[in-house]
Amino acid sequence: MGFLFDGLDAEAYDRQYNDGQLLRRIVGYFTPEARRMFAVGFTMLLDTLSRAAMPIIISRGVDEVQTTQDSGLIITYGLVVAALGALAWLFNFIRRWLTAEAVGNVVLQMREDAFDAVMKRDLSFYDQFPSGKIVSRVTSDTQAFSTVVTLTIDLIGQLLLVAVLIVYLFFVDTSLTGIVLIMVPLIIGVALGFRRVARFTIRHSRRVRAEVSALVQETVAGISVAKTFRQEHAVYADFLKLNRRSFWINLRMGYVFSGIFPILLMIVSFAVAALVYFGGLKVQAGELTAGDWYLFAQGVALLWFPLTSIASFWSQFQLGLASGERVFALIDSEPKVVQRDSRVLPELRGEIEFASVQFSYTDKERVLDNFSLHIRPGETLALVGHTGAGKSSIGKLIARFYEFQAGRIMIDGVDIRLLDLAAYRARLGVVTQTPFLFDGTVRENIRYGKPGAPDSEVERAARQIGNGDWLKSLTNGLDTEVGERGGSLSMGQRQLVALARVMLQDPAIFILDEATASVDPLTETLIQEGLDAIMKDRTSIVIAHRLSTIRHADRIIVLKQGKIIEQGNHDQLLEQGGHYAELYNTYFRHQSLEYIEAQRKANAEAAPESAT
Amino acid sequence: MLNAAKSEFTVANAYRYNRQNAARWLVSHIMRYRWFFFTTLFLYVCTYSAYTASEALIGQAIGAVIEPENFPLLPTIALTILGLKLLDGVLSLIGTLSVETIAQRLEVDSREELYANLLGKSQTFHNQQRVGDIMARATDDVQQLNGMMNPGVAITMETVIGLVVPLIFIASLRLELLLVPLLFIAFYIPVVARYVRRLNPMVRRQREQFGKMNAGLEETISGIEVVKASAQEAFERRKFRIAASLFRDYFVRQGYIEARYLPVLLFGVAFGLAFMHGMLLYQQGIISIGDVVALMGIMGVLRWPTFAAIFSISLVQAGVEGARRIVNILQTETELDQNSGGISQPIKGEITFEDVSFGYGKNHALKHVSFTIRQGQTVAIVGQTGSGKSTLTQLINRTYDATYGRVLIDGIDVREWDLNSLRAQIGKIEQDVFLFSRSVAENIAFGVPNATQEQIETAARMAQAHEFIMGFKDGYQTMVGERGVTLSGGQRQRIALARAFLSNPRILILDDSTSAIDSATEDEIQKAIRQVQQGRTTLLITHRLSQIRWADLILVVEDGVLVASGTHDELLRRSPHYRRIFARYDVALPPLETVAAD
């Protein structure tokens, strides 16, 4: 019964694809499963023949029994029908089992290919698509594809049965077969009409369900506010109105969905009555045996179910193909970052040079234009500027996460495009703005930077950050579970883990996008101390949001619209009164001790007012 | 109804359901619509009778067409078959609509009941529940009740009726003919039970594995920068392959179990044997050829119930599971005693903790905390996430009660205050301020619905919110949330402050550990907080050094213990932790006094 209702809630994807290419791709994936698929086809045929033979043998038996006295023959008929029933089950079992194996293998292969394709992509791909969409291509689209392949095979089996029976009936009696065939367009037509109405009601139903969810979500989340202010009655009245509306809309949909099968049954009943009548006339005239007449009456019952399936199948099939096509599109696309050689530098000193680099994420706006910058080995560089000035792009280009369009980036004097990426990145420490942790323990997360490092080394790295004091606040020390995405740890603790990860990795170049989330002052102090330890003795590039980081940097690079407009240290730049001074007043002033002290004065001045 | 007594919210004339356990609760919900239910049951019996009768009649038609004297009966028989089949269709339509109505009502009623119940639950309850869990109860679980009724219960009824009614018809043909169908049913029941027992765990495992595969991939992709930067692509690929292969294995195994569905085999064999039995009886002259064909027609009726059972079992199971989770919530009782009739007077604002501990077993969130806050003081509470800062403030407005020691307000134990009076005078602004999807003005006036526009604007001005509100196109009528503007953390906080100005609490608890913001916003918020703290006791959970610096009292909490308290200058001298923070600011620090307590 699922068939008729499937695919109604799917969105339409207006994509163009070449049927031939798509078919070739699908066949290509099924080629390793050729032997299984051949067996599937063969057992399907046998299954169909046994199932078609059952009513036919019964009809022969009904005719035979009226003329014979041989009970052995009767028993044989009964046993043959029973055996056919058992065989039909057996062949169907083998077919479905083999199908599951073949489809399972094909989908696994598609998933692996899709995964490999995803991993090969550079970060521009991940910017373009949210992670949920990528995941759904790799897992859900392949799943939808496999469902449709299975359904298609099932449907072919059912249609084969319909075809075999109709051909047989046609040879028995042409005009009665005509009555059966008249039903075909009628049932398909009604089923298609039903789907149109169903689509309408389901859309409304889904919308109202979303509204109810949103309302419940909001009031449950805001329940403390409602309670503090004693507004329960108003909130409940709102809910009641919507909940009752959702009842009527869902009831309408429920009625539409419940109505379809009884209606189809009623249509079929006209055909059955007609067959009984006209068939009866033919039996009386001696043109038809009683057994054949039975066969026609039964045949109708066997036909109508597959026919309703066809009505819904086409849109299902298209959706499945579209899913397949989305997966293939993912597999076939080319990554933009391409290495021309795979040189491994003997020892990375950490000298970086940007020479007239041009870079943009999309074709629209240029992020870096004719950008040149020389970073000395071991230097600590702070990048400051408004959002979109190009700060993080510099770090991402050094990590070779993106392809740039013109100019050159040299690492220790070697073109970055000639490097072996895996070896190069192993010498690169990156901490992102919201540090990402994998589900597992703190220890496992630190070790991610250097797989195979012994526990002692992991512990030493952890102790080098903030004197190891941060470990005390973890319930199980290094063996504390961090939870999904590090959710069990506070933001500050996640940053500390990420820093320890880099510490263990001991990279030659350290790239840090400083977090903007606020952290309690003590944790903040630990993080700062950890940063001091990491930045010592290695090239560090920091996209800075913390005043203290900027003050400790060897050089501050002030960026505006992809260009360096000022550079120097904090005091020099502040004195200049240029763009840096403006940035300082916008982002950093309130972190300064002067500001903190000034607030105290403002507070003291405000206090007497309240005393009155 | 014990829990009704403690509820903080009740609906007048609400229908009472039995909440003793999930099964009784479900039955009492369904029995609210007992006429619909019995109508459905009755109609299903009728519809299966009409259906089976029409199939039997087809067989009888054979008798008619074979005997010449019965020839005139043919049109009548054909029309009767048509009539029965149409009757079958109409009755089954009405029956299905009736059960569908119960299904939809079940969803709506239980959501209504749950919702009213949730509103009646105490704050304690809501603080302990995750929003996502409650959401799932109110949306997914109640929807599963809908599916449980139709098609779940509907198909179960059909299965039973669809197996029993045809048997009665067969018995009426000839009692001996029941032999094969009865044997079939005797095997069918245990075989289906076994099938469900084997399939269910596999379905669950497959679904879980799909979830794991998804979650793993999602994690890899979200952390792609770390993966690439650490050159760990191969490791991630191996992880994914293991997950995907395991899913394939479950997929194939489930396919195997489904393909093997034995009732189909039983039915096929029973079909053949019933045919044999019928023909043998015919040969012995016990039944007519029409009876044989009728028998086969009736046997055909059994086909659908044989298949349908598997659809319904899992649906009913899921529905009962959902009901169990809902009833669990309904049954949970409010722990706090409202103490209405307790002390109810204006709060002055002095707060004292006397050796307060909170928590169960080894996990004490607070351990032996003692301090006094004088009326009108501003207190900064400092500590790492999870150190017990929030718990400390939650004991003041009795979100929780201390497990040991006493919390006093104006020298009176909080448990002796009337809860309503106490909470009405303690305002709280959470870290992530919650705003309703209503206008800005309605949000500010949420606690004082009859506030005038002028009062709202005054409050907004004091909270430094007026300017940015006027910056919106619709000013105070601007809608907040999904269908309106998205407000920044700083803006939300200032609206919450305006809300606090309007409701004017005597004690204000402000969780100000929001994200870092730019200097201008920081200025505005500082100004607003300076305004709000005047004339009331204010507790700030904060990360901002500027606020810590100007607080009258600083409480440093670490792992549930109050490790230091005092003014800025005192702490610089006494607390090594506090010194460490300011050491980075190159402040000239006073000499450290060694204190035994630290």
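The figures that follow rest on heavy atoms only: side chains count, while hydrogens, waters and symmetry mates do not. A, B, ... follow the sequence lines: proteins, then strands. Residue 1 opens every chain.
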Going through the distances and angles, do A/Val235 and B/Tyr115 end up as a side chain to side chain contact (heavy atoms under 4.5 Å, CB included)? CA-CA 10 Å; A/Val235 168; B/Tyr115 195 87; 3.2 Å; yes
Apply the test side chain to side chain contact (heavy atoms under 4.5 Å, CB included) to residues B/Gln232 and A/Phe438: give CA-CA distance (whole Å), side-chain angles for both, the deciding distance (0.1 Å), then the verdict. CA-CA 13 Å; B/Gln232 289 293 303; A/Phe438 296 92; over 6 Å; no
Determine whether A/Met266 and B/Val90 satisfy the following criterion, side chain to side chain contact (heavy atoms under 4.5 Å, CB included), listing intermediate values before the conclusion. CA-CA 8 Å; A/Met266 287 193 258; B/Val90 171; 3.9 Å; yes
Stepwise side chain to side chain contact (heavy atoms under 4.5 Å, CB included) check, A/Val103 with B/Phe251: CA-CA 9 Å; A/Val103 171; B/Phe251 176 84; 4.0 Å; yes
Report the C-alpha distance between B/Arg237 and A/Glu112 in whole Å, list the side-chain angles of each, state the deciding distance to 0.1 Å, and finish with yes or no for salt bridge (Lys or Arg N to Asp or Glu O under 4.0 Å). CA-CA 8 Å; B/Arg237 181 171 301 137; A/Glu112 288 185 359; over 6 Å; no
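B/Val382 touches chain A through its side chain: at least one heavy atom from C-beta onward sits under 4.5 Å away, while N, CA, C and O do not. Both the backbone and the side chain of A/Val65 come within less than 4.5 Å of a heavy atom in chain B. With a 4.5 Å cut-off on non-hydrogen atoms, B/Arg105 touches chain A through its backbone and its side chain both. Heavy atoms closer than 4.5 Å to chain B are found nowhere in A/Met491, neither backbone nor side chain. For A/Thr139, the parts lying under 4.5 angstrom from a heavy atom of chain B are both the backbone and the side chain. For chain A, the nearby parts of B/Val227 are the backbone and the side chain; heavy atoms of each come within less than 4.5 Å. The contact between A/Ile75 and chain B is made by backbone and side chain atoms together, counting heavy-atom distances below 4.5 Å. For a residue to count as touching a neighbouring chain, one of its non-hydrogen atoms must lie under 4.5 Å from one of that chain's; by this rule A/Ala88 does not touch chain B. Contact of B/Asp559 with chain A is not made at all, since no heavy-atom distance falls under 4.5 Å. When heavy atoms are compared at a cutoff of 4.5 Å, B/Phe235 approaches chain A solely by way of its side chain, counted from C-beta outward. Both the backbone and the side chain of A/Phe270 have a heavy atom closer than 4.5 Å to some heavy atom of chain B. The parts of A/Gln66 that come within reach of chain B are both its backbone and its side chain, each placing non-hydrogen atoms under 4.5 angstrom from that chain. Only the side chain of B/Ile289 comes within less than 4.5 Å of a heavy atom in chain A; its backbone stays farther off. For A/Val268, no part lies near chain B; criterion is any non-hydrogen pair under 4.5 Å. For chain B, the nearby part of A/Leu526 is the side chain; its heavy atoms alone come within less than 4.5 Å. For chain A, the nearby part of B/Phe275 is the side chain; its heavy atoms alone come within less than 4.5 Å. Of the two parts of A/Tyr448, the backbone and the side chain both hold a non-hydrogen atom closer than 4.5 Å to a non-hydrogen atom of chain B. With a threshold of 4.5 angstrom between heavy atoms, A/Val216 approaches chain B through its backbone and through its side chain. Contacts of B/Asp523 with chain A are made by both backbone and side-chain atoms, with heavy-atom separations under 4.5 Å. In this structure, chain B has no heavy atom under 4.5 Å from any part of A/Lys450. Contact annotation for A/Ile263: neither backbone nor side-chain heavy atoms come within less than 4.5 Å of a heavy atom of chain B.
B/Gln104 places a side-chain N or O within 3.5 Å of a backbone atom of A/Asn250 that can act as its donor or acceptor partner. Proximity of a side-chain donor or acceptor of B/Glu219 to a complementary backbone N or O of A/Asp439 within less than 3.5 Å is detected. Remark: side-chain polar atoms of B/Lys228 are not paired, donor with acceptor, to backbone N or O of A/Ala399 under 3.5 angstrom.
Chain A forms the most heavy-atom pairs under 4.5 Å with one residue out of B/Lys527, B/Gln254, B/Glu218, and that residue is B/Glu218. With chain A as the partner, the residue from B/Arg111, B/Gln547, B/Glu558, B/Lys85 showing the most heavy-atom pairs under 4.5 Å is B/Arg111. Of the listed residues B/Val99, B/Leu217, B/Leu262, B/Leu84, the one with more heavy-atom pairs under 4.5 angstrom with chain A than any other is B/Leu217. Note: B/Val226 leads B/Val226, B/Thr220, B/Val264 in heavy-atom pairs under 4.5 Å with chain A. Per-residue counts of heavy-atom pairs under 4.5 Å with chain A were compared for B/Ser54, B/Gly255, B/Pro75, B/Gly300; the largest is that of B/Pro75.
With sequence neighbours left out, the side chain to side chain contact (heavy atoms under 4.5 Å, CB included) criterion links A/Arg96 to A/Asn92, B/Glu258, B/Ala259. With sequence neighbours left out, the side chain to side chain contact (heavy atoms under 4.5 Å, CB included) criterion links A/Ala273 to B/Leu82.
The shortest distance between side-chain heavy atoms of B/Ile58 and A/Val272 falls below 4.5 Å. Within the 4.5 Å cutoff, side-chain heavy atoms of B/Gln384 are placed close to those of A/Leu522. Under the 4.5 Å side-chain criterion, counting only non-hydrogen atoms from C-beta, A/Leu108 is not in contact with B/Phe247. Within the 4.5 Å cutoff, the side chain of A/Arg111 has no heavy atoms near those of the B/Arg248 side chain. Between A/Tyr126 and B/Glu225 the shortest side-chain heavy-atom distance does not fall below 4.5 Å. Using a 4.5 Å heavy-atom cutoff, the side chains of B/Leu280 and A/Ser71 are in contact. Using a 4.5 Å cut-off on side-chain heavy atoms (C-beta onward), A/Val62 and B/Met296 make no contact.
A salt bridge links B/Glu112 with A/Arg244: at least one charged nitrogen is closer than 4.0 Å to a carboxylate oxygen. B/Arg580 has a carboxylate O that lies under 4.0 Å from a charged side-chain N of A/Glu529, or vice versa, which qualifies the two as a salt bridge. In summary, A/Arg209 and B/Glu107 engage in a salt bridge, as defined by a charged side-chain N under 4.0 Å from a carboxylate O. Contact check on A/Asp520 versus B/Arg544 returns no salt bridge, with no Lys/Arg side-chain nitrogen under 4.0 Å from an Asp/Glu carboxylate oxygen.
A/Phe115 and B/Phe240 have parallel rings, their planes meeting at less than 30° on a 0 to 90° scale where 60° marks the start of perpendicular.
Note that OG of A/Ser269 and CG of B/Leu86 are 4.0 Å apart. Values are rounded to the nearest 0.5 Å. Atom CD of B/Glu233 is separated from atom CG of A/Asp116 by 11.0 Å, given to the nearest 0.5 angstrom. For the atom pair CZ (A/Phe436) and CD1 (B/Ile224), the distance works out to 10.0 Å, reported to the nearest 0.5 Å.
A side-chain N or O of B/Thr101 and one of A/Tyr255 form a donor-acceptor pair less than 3.5 Å apart.
B/Phe210 and A/Ser140 get closest at one heavy-atom pair: CZ-OG, 4.0 Å. Contact between B/Gly89 and A/Pro262 at its shortest, heavy atoms only, is O-CB, 3.5 Å.
Ring centers of A/Phe93 and B/Tyr261: at least 6.0 Å apart, outside the cut-off.
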